[in-house]
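Working notes, structure below.
FYI, side chains are in, hydrogens and waters are out, and symmetry mates aren't considered; it's all heavy atoms of this structure.
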Amino acid sequence: MRRFYSLILILAFLYSCSVGGTKEVCDDVLEVSLTGTPLQEKTMMVTGTFVALWNDTLVLRSSDPDALLNLYTIKGDSLLRKCGFLNRGNGPKEMNMFSFWTDNSARKLTLLNMDGSLGYGLEMNFSNPDSCLRQDNWRRLDLRKITNFRSGSGFVCLPDDRILMVGGVYNTPVILSEINVEGQVAVPINFWPEDGFTERFQPKQAIYMGNASLFRNMKTNQLLYTCGKGKYAFIFKIENGKFVQEKILFDRFPSYVMSKDGMNYTLDANCEPGFKVVVTDSLIYMRPEEYKIEKGTTPKEYKGYPYYYNDKIYVFNWEGIMVKKYILDTPFHDFIVDKNNQIMYVSTESQENGETIIKRYNL
């Protein structure tokens, strides 16, 4: 009988930690404090937005006026810039703004231009970091025949040259679409958030596509959607072209109303910001945004750092159960985790001069 009651308590604990919408986090989840090591940058000041991590190779966005990306090598506690690549511009293998998806198992980076519609993309193979810099090794993806399509920033690549994208035909009840790259066809996915908003499609499309992200588990083909506003995230699958929801991690929809023009939305004052998310094939890492923007005011600093920083990361498995919470020694903005869940890098800033600092944490 005692074992029976113990089992009931364990199941209750797991359930409470798996429903992110009813509690901010599980009070009893394992909390782990982490202390990081700053990497010494030897060549030039870094920017702190991560794109890809493979062993000792790190790719970051660049603030350089010419190159959009920087390639770094990590040696011990040093970060060595190798070169910049991907020129800014409108040429066949140039970009200005982009969203990206990383295939860690194949060491492949896919970029799509980000201007609100479908245009073109580039696919780069990093199996040999030197060869990835040669433009003749880049595959160009042309999606310009798909018209009247409103695209968000999130996407993942699927087998058979398909892309699942946050996007849909303009002013329709669609926020997810499957793109056939070769055929240049967009097929809508049968999902529309049930948030109680019943007015025009356009404002609702905008809020659930703007700054939303998609992630893919390469082993199980599970997918994760996170909204850019509100605390709204769920695990799902696409089976035979149909949406199948598996687990809701956070169920707090964005709070908004339709703007007077009938085409856009206006956030309520109490609308929560979303998450910064990184995934591996075994874990989901979610750093919450906790600031509040009130009309006419600037959000308060977070422990002496910019308001959009945080020092917490919630960690879930792909069954939707929260397994731990990390508390870092330094608030940070962006982060990335290696595919084996052993090392994490974060970008923070010096409180003395405001320059970017990259720190490494052993998990």
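- Side-chain contact, N70 with R81: a donor N or O sits under 3.5 Å from an acceptor N or O.
- The structure places CZ of F253 at 13.5 Å from CZ of F197, a figure rounded to the nearest 0.5 Å.
- Taking CD1 of I189 as the start and CD of E178 as the end, the distance is 5.0 Å to the nearest 0.5 Å.
- The main-chain N or O of D334 is found under 3.5 Å from a side-chain atom of S347 such that the two form a donor-acceptor pair.
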Working for side-chain contact (heavy atoms from CB on, under 4.5 Å), residues W192 and I175: CA-CA 7 Å; W192 189 239; I175 65 166; 3.6 Å; yes
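- Taking CG of N310 as the reference point, atom CZ of F335 lies at 10.5 Å (rounded to 0.5 Å).
- Here the side chains of L122 and L141 are not in contact, with every heavy-atom distance at 4.5 Å or above.
- Aromatic ring centres of Y309 and Y302: separated by at least 6.0 Å.
- Counting heavy atoms from C-beta outward, Y265 and V257 have side chains that stay 4.5 Å or more apart.
- To the nearest 0.5 angstrom, F332 atom CZ is 3.5 Å from I313 atom CD1.
- Of the possible donor and acceptor atoms, none in the side chain of K231 sits under 3.5 Å from a partner among the backbone N and O of D251.
- Applying the salt bridge (Lys or Arg N to Asp or Glu O under 4.0 Å) test between D136 and each of R139, R140, R134 identifies R134 as the sole match.
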Test log, rule side-chain contact (heavy atoms from CB on, under 4.5 Å), inputs S62 and L68: CA-CA 5 Å; S62 170; L68 286 166; 5.8 Å; no
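- At least one donor-acceptor pair under 3.5 Å links the side chain of T102 to the backbone N or O of V51.
- Within the 4.5 Å cutoff, the side chain of F215 has heavy atoms near those of the T226 side chain.
- Side-chain polar atoms of D195 and Y256 form a donor-acceptor pair below 3.5 angstrom.
- Here the straight-line distance linking atom CG of N211 with atom CD of E289 works out to 10.0 Å at 0.5 Å rounding.
- Side-chain contact between N137 and N125: absent, with no pair of heavy atoms (C-beta onward) separated by less than 4.5 Å.
- In the hydrophobic clustering of ILVMFWY residues, with side-chain heavy atoms under 4.5 Å counting as a link, V337 and V32 come out together.
- The main-chain N or O of P331 is found under 3.5 Å from a side-chain atom of T348 such that the two form a donor-acceptor pair.
- Less than 6.0 angstrom separates the ring centroid of F250 from the ring centroid of F275.
- Between F155 and W101, a ring centre-to-centre spacing not shorter than 6.0 Å is recorded.
- A salt bridge does not link R88 to D66: none of the charged side-chain nitrogens sits closer than 4.0 Å to a carboxylate oxygen.
- The closest donor-acceptor contact from the side chain of R162 to the backbone of P159 lies under 3.5 Å.
- For D77 and R360, the salt-bridge test passes: some basic side-chain N is under 4.0 Å from an acidic carboxylate O.
- Note: the hydrophobic cluster containing F149 does not contain V174 (ILVMFWY, side chain heavy atoms under 4.5 Å, direct or indirect links).
- Residues V278 and R287 fail the side-chain proximity criterion, which asks for heavy atoms closer than 4.5 Å.
- Annotation: N240, atom CG; neighbour count of heavy atoms from other residues, nucleotides and ligands within 6.0 Å does not exceed 12.
- For the pair D103 and R216, the salt-bridge criterion is not met [side-chain N within less than 4.0 Å of a carboxylate O].
- A side chain to side chain contact (heavy atoms under 4.5 Å, CB included) with F236 is found for one member of V244, L224, L176 and no other, namely L176.
- For the pair N317 (side chain) and G320 (backbone), a donor-acceptor distance under 3.5 Å is present.
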L249 and I235: CA distance, side-chain angles, deciding distance, side-chain contact (heavy atoms from CB on, under 4.5 Å) verdict: CA-CA 7 Å; L249 302 185; I235 299 169; 4.1 Å; yes
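- At a cut-off of 3.5 Å, with distance as the only test, no side-chain donor of Y307 or E290 sits close to an acceptor on the other residue.
- Minimum interatomic distance between I343 and D338 (heavy atoms only, all atoms of both residues): N-OD1, 2.7 Å.
- Here K229 does not pair with E272 in a salt bridge; the nearest charged N to carboxylate O distance is not below 4.0 Å.
- Residues T280 and N104 have side chains not in contact (no heavy-atom distance under 4.5 Å, counting atoms from C-beta outward).
- Enclosure of atom NZ in K75 is not indicated, since only 12 or fewer non-hydrogen atoms of other residues, nucleotides or ligands lie within 6.0 angstrom.
- With N217 contributing its side chain and D281 its backbone, the two residues share a donor-acceptor pair below 3.5 Å.
- The residue from V169, V166, T172 that alone fulfils the side chain to side chain contact (heavy atoms under 4.5 Å, CB included) condition with Q205 is T172.
- Side-chain contact, N264 with S259: no donor N or O sits under 3.5 Å from an acceptor N or O.
- Remark: side-chain polar atoms of N353 are paired, donor with acceptor, to backbone N or O of E355 under 3.5 angstrom.
- Atom CG of N90 has 12 or fewer neighbouring heavy atoms from other residues, nucleotides or ligands inside a 6.0 Å radius.
- Within a 6.0 Å radius of NZ in K93, other residues, nucleotides and ligands contribute more than 12 heavy atoms.
- Defined by atom type and a distance below 3.5 Å, a donor-acceptor pair is present between the side-chain atoms of Y285 and N341.
- A distance-only check finds no donor-acceptor pair linking the side chain of Q40 to the backbone of S78 [under 3.5 Å].
- By the rule that hydrophobic residues join a cluster once side-chain heavy atoms approach within less than 4.5 Å of another member, M258 and Y170 end up as members of separate clusters.
- Heavy-atom contacts from other residues, nucleotides or ligands closer than 6.0 Å to CD of E182 number 12 or fewer.
- Because its NZ or CZ atom is not both nearer than 6.0 Å to the ring centre of F126 and within 45° of the ring axis, K108 does not count as a cation-pi partner of that residue.
- To the nearest 0.5 Å, atoms CG (L79) and OH (Y72) are separated by 6.0 Å.
- Of the possible donor and acceptor atoms, one in the side chain of D261 sits under 3.5 Å from a partner among the backbone N and O of M263.
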Verdict with reasoning, F191 to F234, per ring-ring contact (aromatic ring centres under 6.0 Å, His included): CA-CA 12 Å; F191 172 72; F234 57 84; 5.1 Å; yes
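- Side-chain contact, D311 with T330: no donor N or O sits under 3.5 Å from an acceptor N or O.
- Q222 and T220 are linked by a side-chain donor-acceptor pair at a separation below 3.5 angstrom, with hydrogens and angles left out of the test.
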